[in-house]
Amino acid sequence: MVVANKYEMVCGLEVHVELQTKTKIFCSCTTEFGGEQNTHVCPVCLGMPGTLPVLNREVVNYAIKAGLALNCEIAEFSKFDRKNYFYPDLSKNYQTSQFDLPICGKGGLEIEVEGEKKWVGITRAHMEEDAGKLVHSGDTITTSNESSVDYNRAGVPLLEIVSEPDMRSIPEVLAYLEKLVQILEYTEVSDCRLEQGSVRFDINVSLRPMGATTLGTRTETKNLNSFSSVRRCMEYEIARQSRVLDAGEKVIQETRTWDEGQGVTLTLRSKEEAHDYRYFPEPDLAPLVIDREWVERIRKMLPELPEARRVRLQALGLSAYDTGVITQSKALSDFFDEALSSYGDAKTLANWVMGDVTRLLNTNQCNVVDSPISAPQLAELLGLIDKGTISGKIAKSVLEDMYSTGKDAEVIVKEKGLAQISDEGALLGIIDDVISANPQSVEDFRAGKDRAIGFLVGQIMKATKGQANPGLVNKLLKEKLS
Amino acid sequence: MESVSIGKSVSELHELLVHKDISSTELTKAYIDRIQAVDPDLQAYLTVLEDEAMTQAAEVDQKIAQGEALKPLEGIPMALKDNMCTEGIRTSCASKMLENFVPPYNATVTNRLRAAGTILLGKLNMDEFAMGSSTENSYFTKTRNPWNLECVPGGSSGGSAVAVAGDEAAFTLGSDTGGSIRQPAAFCGVVGMKPTYGAVSRLGLIAFASSLDQIGPFTKTVRDNALVMNAIAGYDALDSTSVPYETPDYTKFLVNDIKGLKIGIPREYFGDGIDPDVAKGIKAGIQTLIDLGAEVAECSLPHTEYAIPAYYLIATAEASSNLARYDGVRYGYRADSDDVLGMFKKTRAEGFGQEVKRRIMLGTYALSSGYYDAYYLKAQKVRTLIKQDFDKAFEKFDVLLSPTAPTPAFKFGEKSADPLAMYLSDITTVPINLAGIPAISIPAGFVNGLPIGMQLMGKAFGEGALYRVAYTFEQNTNYHSLKPNLSGEVLTCGSR
């Protein structure tokens with residue numbers, strides 16, 4: 001990104017993802033969110049004297065899965081290390097993490113911004129344990145009279161995904177994050193509930209003069225948990241750093257924190273105050289050896305990823321835009337695929353899914369996985385249109401009834417008598433009535449005014465409360481008038 | 001007032017129980033009485049569990065009354081070093097930091113000894129957090145050597161060695177990070193085994209240095225030692241460093257025969273720091289083994305001189321991290337302060353003793369950015385070389401032999417003012433922990449009325465060969481059957 005034509009922004013990200021395993025990384029406590037304070041704990045995650053960690057193999061499975069989906073190399077030999085620092089939310093005052101030999105090596109993913117495709121490199125991804133949570137009586141730890149610690153989250157498995165400093169604009173950063181979260185959701189390694197903190201972002205931002213090849217001094221802003229905070233935080237930080245540079249001063253390398261309320265970043269600690277983490281190999285855990293069969297076993301379990309899904313849907317005749325919208329979330333895309341298995345017209349289905357179905361869900365603030373209309377039910381409704389049982393217009397009102405009652409389309413059509421009139425005899429009588437009631441329109445049509453037929457069809461539909469089969473009405477009317 | 005049963009070996013006590021010559025209740029009571037009689041002098045115990053022990057003993061007696069078969073350790077009174085977690089029973093690590101810490105769970109060894117039917121008499125004194133070689137670093141009290149009350153019992157498992165030597169328990173468990181079982185066993189004239197790293201679960205052992213710590217038994221005889229190993233050794237899925245292997249019946253190695261067995265004598269273990277009288281005593285022991293048919297030859301472990309610095313870097317580095325959790329937040333001692341950082345600092349300044357603080361600082365320094373390669377990483381490389389020394393030696397020899405400690409027990413205060421001298425006295429024991437191999441110390445004579453120990457070292461999971469040599473030596477000598485005189489008379493040189 002060009003800032004006032006003077007600076008280029010360079011950004012790299014660290015993303016912490018809570019893995020969706022049932023139990024914690026080193027003990028058998030549940031990873032469930034919430035719960036009364038300090039109820040999802042045991043001697044191990046409380047760091048009691050004498051306790052030892054036992055690695056949850058499922059965490060490794062998830063890390064491999066995420067790594068493969070992010071095109072990363074999976075290390076045959078990796079190990080855990082201790083990251084030592086004192087903080088009350090850290091029950092052992094060290095975090096068991098991975099330092100120099102992480103489970104996932106180089107990878108990356110392709111993003112697209114305004115039609116331009118770009119590869120964003122991933123440096124590495126490593127497993128580690130989450131810390132507990134401080135609950136302050138005041139705003140911060142230093143201004144509070146009292147703080148308590150909730151260790152329910154301590155030991156929840158995390159995957160930290162570190163990108164290369166490859167991004168040059170805020171839209172690129174957001175595209176990367178959206179794509180990343182999308183892949184994590186598709187692979188089901190994380191529930192990706194940002195509002196619960198299951199994905200958290202650290203942003204490294206630096207500016208450099210246009211054309212410069214060396215990197216400027218960066219700041220790292222920690223612990224953001226929404227895309228909008230990322231955007232606002234970056235806008236602020238870019239503006240702040242360019243003001244510093246404009247004034248001829250130097251950007252200080254430091255860790256900053258984002259104040260959501262004030263919309264500013266604040267100094268957390270300077271480089272001089274930076275922790276010396278004194279990493280060393282975790283002696284309580286054996287090194288992790290991952291043979292290739294293990295990796296292949298996980299590879300076979302990988303679901304179809306968004307990119308592959310887009311290609312498949314486009315081959316069915318959907319536009320790039322439509323496939324983009326449908327594959328944005330795995331849940332919506334799964335819904336589409338399920339309906340597609342019993343209703344073959346992809347284009348029509350896409351229009352309904354992106355249109356009326358999405359609108360109904362959004363109006364009711366309902367997630368597609370909780371939709372009262374199931375995918376097979378939607379497929380059945382669309383089948384009724386194709387069979388001529390109901391018109392498209394009637395189908396829209398049936399859909400709303402289905403949403404509020406959960407009933408099948410056929411039941412609603414029957415109960416409300418909405419089936420189209422496709423009986424020629426019944427329609428001919430009505431057509432005759434309309435013709436005799438509108439001689440002027442009949443004359444106009446015969447004089448070559450094609451539009452007049454539309455009026456007559458409309459009158460017939462009105463007389464049948466919309467239930468006449470429009471195709472049949474057209475055909476019969478033309479026969480009568482010719 | 002003391003029962004005649006006191007002082008007998010575990011296997012003898014088992015026979016008495018089986019034949020109903022004595023009940024577990026009587027036996028347990030006899031040990032409690034003995035503790036009350038001699039512990040005011042010896043100070044081996046930090047906690048005595050009279051009521052709990054008597055209840056457990058009554059349960060065993062009920063089984064006996066019902067005619068149930070007794071397991072080898074069933075009904076036998078024992079005690080644990082106070083760094084092994086016991087649910088509902090204070091586990092202090094002999095530290096002010098954990099003075100009131102009551103664990104919510106049992107160590108694996110606690111559970112296994114429970115399952116074996118043993119009676120827990122109490123918890124034993126030690127150097128604070130197992131850091132020391134004399135038990136002088138205990139926050140609570142100084143344990144005294146039963147052979148001479150003016151001498152240290154060795155450490156860090158001083159209480160465990162003294163309880164067995166002073167007949168205050170039929171057997172005990174200790175832990176050994178750099179010699180903490182073998183050296184006090186030698187100083188107190190009992191049998192002490194440091195098993196192969198990974199042979200006995202560390203779950204519930206309050207960590208000093210995770211890659212070196214190992215639990216092992218103190219006993220009067222080699223047979224007893226094998227019996228206790230049978231009960232505590234074996235894979236534990238809850239300790240990731242425990243090794244999945246099929247534990248042998250260690251008693252099957254107890255044969256009085258070492259003909260043709262190859263024993264190596266590493267010359268570096270008889271170097272400058274070794275007391276000439278100790279060397280002489282051990283050489284006499286070697287002659288005994290030769291006479292019994294062993295093939296003995298000198299060998300070399302060339303990197304031995306680097307073992308002490310490597311050990312004190314690795315052990316302290318791990319300790320600096322292991323002991324970080326004692327911050328006053330969740331359990332243990334907490335000092336009052338206005339803010340969190342102040343609480344951390346004050347809690348740790350007041351809760352830890354001098355030696356613990358010294359080692360935390362050493363280890364923190366060794367891991368610090370810019371020093372890691374020069375210290376910790378280099379020490380790890382030395383560790384590999386030391387391991388290779390042993391691998392090479394075991395290509396030629398079944399067992400290696402040395403003095404357990406360079407000197408007999410020293411006097412209180414003699415070395416505590418000079419930490420470096422204290423560290424150097426570990427020269428014969430720390431290489432074994434660095435290599436992760438097993439070693440046993442057995443009584444091998446006396447110098448100035450104080451016991452000396454012979455150390456036998458074996459291949460990883462080669463405890464069997466050590467038991468075989470130790471048993472044969474024991475069957476052909478009488479050092480293990482000699483007892484300290486605890487009537488108050490201080491023994492001096494020449495009284496034996």
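Throughout, protein chains are lettered first and strands after them, A, B, ... in sequence-line order, and every chain is numbered starting at 1. Heavy-atom basis, side chains included; hydrogens, waters and symmetry copies ignored.
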Would you call [X] and [Y] a salt bridge, taking side-chain N to carboxylate O under 4.0 Å as the test?
{"X": "K24(A)", "Y": "D130(A)", "value": "no"}
{"X": "D284(A)", "Y": "R82(A)", "value": "yes"}
{"X": "D81(A)", "Y": "K79(A)", "value": "yes"}
{"X": "E164(A)", "Y": "K106(A)", "value": "yes"}

For this session: Tabulate, in ascending numerical order, the residues of residues 79-95 of chain B having at least one heavy atom closer than 4.5 Å to a heavy atom of chain A, or enter 'none'.
Result: C85(B)
For this session: Give me the contact list for residues 356-366 of chain B versus chain A, heavy atoms only, anything under 4.5 Å, ordered by residue number.
Result: T364(B)
Exercise. Should we count CZ of R330(B) as having more than 12 external heavy atoms under 6.0 Å?
Worked result: yes
Problem set entry | Residue pair Y279(A) / Y372(B), side-chain heavy-atom distance below 4.5 Å | no
Exercise. Does the side chain of M48(A) reach to within under 4.5 Å of the side chain of R325(B), using non-hydrogen atoms?
Worked result: no
Exercise. Does one side chain, of Y333(B) or E350(B), offer a donor that lies under 3.5 Å from an acceptor on the other?
Worked result: yes
Exercise. Side-chain donor-acceptor pair under 3.5 Å between D127(B) and S156(B), yes or no?
Worked result: no
Problem set entry | E128(B) side-chain N/O to G353(B) backbone N/O, donor-acceptor pair under 3.5 Å | yes
For this session: Give a yes or no answer on whether the side chain of T347(B) reaches the backbone of M343(B) with a donor-acceptor pair at less than 3.5 Å.
Result: yes
Seminar exercise, completed: Turns out that what part of D276(A) lies under 4.5 Å from chain B's heavy atoms comes down to side chain
Seminar exercise, completed: When the 4.5 angstrom heavy-atom criterion is applied to V44(A) and chain B, the contacting part is neither
Heavy-atom distances under 4.5 Å only: say whether [X] touches chain A with side chain, backbone, both or neither.
{"X": "A317(B)", "result": "backbone"}
{"X": "L205(B)", "result": "backbone"}
{"X": "F101(B)", "result": "side chain"}
{"X": "D339(B)", "result": "neither"}

Exercise. What residues of residues 89-96 of chain A sit under 4.5 Å from chain B when you count only heavy atoms?
Worked result: L90(A), S91(A), K92(A), N93(A), Y94(A)
Problem set entry | Partner residues of T23(A) under the side chain to side chain donor-acceptor pair (under 3.5 Å) criterion, sequence neighbours left out | N56(A)
Pairs of heavy atoms under 4.5 Å with chain A: top-ranked of [options]:
{"options": "T241(B), L377(B), L212(B), L203(B)", "value": "L203(B)"}
{"options": "V329(B), N322(B), D338(B), L341(B)", "value": "N322(B)"}
{"options": "S368(B), P104(B), G370(B), A209(B)", "value": "S368(B)"}

